[in-house]
Number of protein chains: 2
Amino acid sequence: MSQHRHPGAPGSAGAVPALPDLPEATVARLPEYLRALHNLADAGHETVSSEGLAAAAGVNSAKLRKDLSHLGSYGTRGVGYDVALLIEQIESVLGLTQRRAVALVGVGNLGHALAGYDGFASRGFRIAALFDADPARVGEEINGLVVQHVDELPRVAAEESIAIGVIATPAAAAQPVADQLVAVGVTSILNFAPCVLSVPEGVDVRKVDLAIELQILSFHEHRKASLTALPATGGSALTALPGGLAANDSQEAIGT
Amino acid sequence: MSQHRHPGAPGSAGAVPALPDLPEATVARLPEYLRALHNLADAGHETVSSEGLAAAAGVNSAKLRKDLSHLGSYGTRGVGYDVALLIEQIESVLGLTQRRAVALVGVGNLGHALAGYDGFASRGFRIAALFDADPARVGEEINGLVVQHVDELPRVAAEESIAIGVIATPAAAAQPVADQLVAVGVTSILNFAPCVLSVPEGVDVRKVDLAIELQILSFHEHRKASLTALPATGGSALTALPGGLAANDSQEAIGT
DNA sequence: CGCGATTTGTGCACCTCTTCACAAGCGCCT
DNA sequence: AGGCGCTTGTGAAGAGGTGCACAAATCGCG
């Protein structure tokens, strides 16, 4: 994904809540905890144990405790974590206290859906501008926003203080678009195009490739099929799939 | 544990002999290699070095070589890898020799886009059926497929030999849908709903949460901003941040 | 006021993944 | 034939992540 090296010594803790360099794996899980916490808060819970939160987030409880300990979170032994406080802490660490402006480039099939995805707005982001290179698409209004030509990017980026760029163009157009985003100062890019982006140091790129996810699933499907075909010494026939779920297979692990 | 095996005829991929248990990290990268290889093949390359392929896939060359060695791949020292052969090998390992049928449940905003996403078809998958629980959406035709009611799932799953289920419903509906998919024998699920799915052992779930990706980017953006705002501690000459970039001086007002 | 029940925070061992560095192998050129 | 340059495949070291198990801390209660 993104290559990170954290130079220097972050030891100096001023009056500012020092931003500890969290393990990347922890950072990737914090949003999941946050979502679970919001659910718990909506359900009226004021505190939650690591066990309960871990279950809601689908992780191991020890892992969760270690993750939270990394950001110096305050739980209470014998009680658990204060839900509201923990939400505040995680949102602060993730930088969600300010609503970041997102520019979406490429309003095709997928981009159209992303533009209308309300999950962004509800979780701290504001889609501030839509762009496309196709003049036929410029001017179209989606969700209250008018699609602009990608050449307008420099002006709009400055006006709207774009913090994150989302690329939903065809693969061939992705690299030029990324270059343009970088040129106007965007240092975080979410790329849906199936290609590798080359960006200067200091720019973070995360990639989401829907077909890759399916291919990974395909591998496991393939493997499972070849396992049932193999002479598994267990003996019990795994024929009936819907009815009996043979919990005998302890080797199945869903890794992510 | 025996992972070095010589298949008889690499040219014909009939019944796959033995599936070596690849590291999960390797499996996740194989699709990326595959995409890069297809690009290279289209560009007319017949062979490629690990260095070249690694660059095209955006990874370290040593990592790539180790990944390929895991699946017993045949490169030629001094020359590189045969592009066509490698494509065949990877597709065989990923189980892409057969085109798998995918059922998509939830034809809302995102699901609509997924139904029309041609990246699935071009990479070995066939969207075989669309479902929704909303009667108002049933009957709609998308990309040549008619949306059916989710209650039709058992019948259609059997008819179409559904191998993979994609959930693009709201979070509240995701778990029941997953249960239904599992009940009809689906053992691989790609979940776009922002929630944790609980499935029996032996069922693989992969999750894609678009907002989480943005939140991870937000964290890095937040960190970068707080780093530039901090006065550089003396002596650290290696903090060579990109010089050519316009420094985005958005000062984070970190509350006390 | 002390005790037991409960839950956090963490040291430690294990495991997976990454990266370096280099020997072995291959083709080409002289 | 022999040497030379290039590339693969891999051993080994290191880095990072995971999960167990337990001490420390806190609350409620008798």
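The sequence lines fix the lettering, A, B, ..., with proteins before strands; numbering per chain opens at 1. Atom set for the values below is all heavy atoms of this structure, side chains included, hydrogens, waters and symmetry mates excluded.
Contacts of B:E213 classified as side-chain contact (heavy atoms from CB on, under 4.5 Å), with partners at least two apart in sequence or in another chain: A:L190, A:R206, A:V208.
Closest heavy-atom contact between B:V203 and B:S188: CG1-N, 4.5 Å. Nearest heavy atoms, B:S92 versus A:H222: O-NE2, 3.3 Å. Residues A:N191 and A:A193 approach most closely at OD1-N, 2.9 Å, considering heavy atoms.
At least one donor-acceptor pair under 3.5 Å links the side chain of B:Q175 to the backbone N or O of B:S198. Checked by atom type and distance alone, the side chain of A:R100 pairs as donor or acceptor with a backbone atom of A:G95 at under 3.5 Å.
When rounded to the nearest whole Å, the span between CD of A:E51 and P of D:dA21 equals 14 Å. Atom pair A:L68:CG and D:dG19:P shows a separation of 15 Å (rounding to whole Å applied). With rounding to whole Å, B:H70 atom NE2 is found 12 Å from D:dG9 atom P. Here D:dT18 presents its P atom at 13 Å from CG of A:L22, a figure rounded to the nearest Å. Atom pair A:E24:CD and D:dT18:P shows a separation of 12 Å (rounding to whole Å applied). D:dA15 atom C1' lies 14 Å from atom CG of A:D21, rounded to whole Å. Atom OH in B:Y81 sits roughly 18 Å away from atom P in D:dC6 (whole-Å rounding).
Closest to the A:R77 side chain, of the nucleotides D:dT26, D:dG17, D:dA12, is D:dT26. The side chain of A:R65 approaches D:dA21 more closely than any other nucleotide in the set D:dT10, D:dT18, D:dA21. Listed candidates were D:dG17, D:dT7, D:dG19. Nearest to the side chain of A:K66 is D:dG19.
Checking A:G78 against A:R29, the closest nucleotide of DNA chain D that is more toward the 5' end is the one next to A:R29. Judged by closest nucleotide on DNA chain D, B:A62 is the one of A:K63 and B:A62 placed further toward the 5' end. Two residues, A:S50 and B:P23, neighbour DNA chain C, and the one matched to the more 5' nucleotide by heavy-atom proximity is A:S50.
Between D:dG17 and A:N60, no contact under 4.0 Å exists linking OP1 or OP2 to a side-chain N or O. Checking the phosphate oxygens (OP1, OP2) of D:dT7, no side-chain nitrogen or oxygen of B:Y74 falls inside 4.0 Å.
The footprint of chain B on DNA chain C, defined by a heavy-atom cutoff below 4.0 Å, extends from C:dC17 to C:dG27.
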Subject >> Verdict with supporting geometry, B:I212 and A:R123, side chain to side chain contact (heavy atoms under 4.5 Å, CB included) >> reply: CA-CA 9 Å; B:I212 283 185; A:R123 288 201 262 171; 4.1 Å; yes

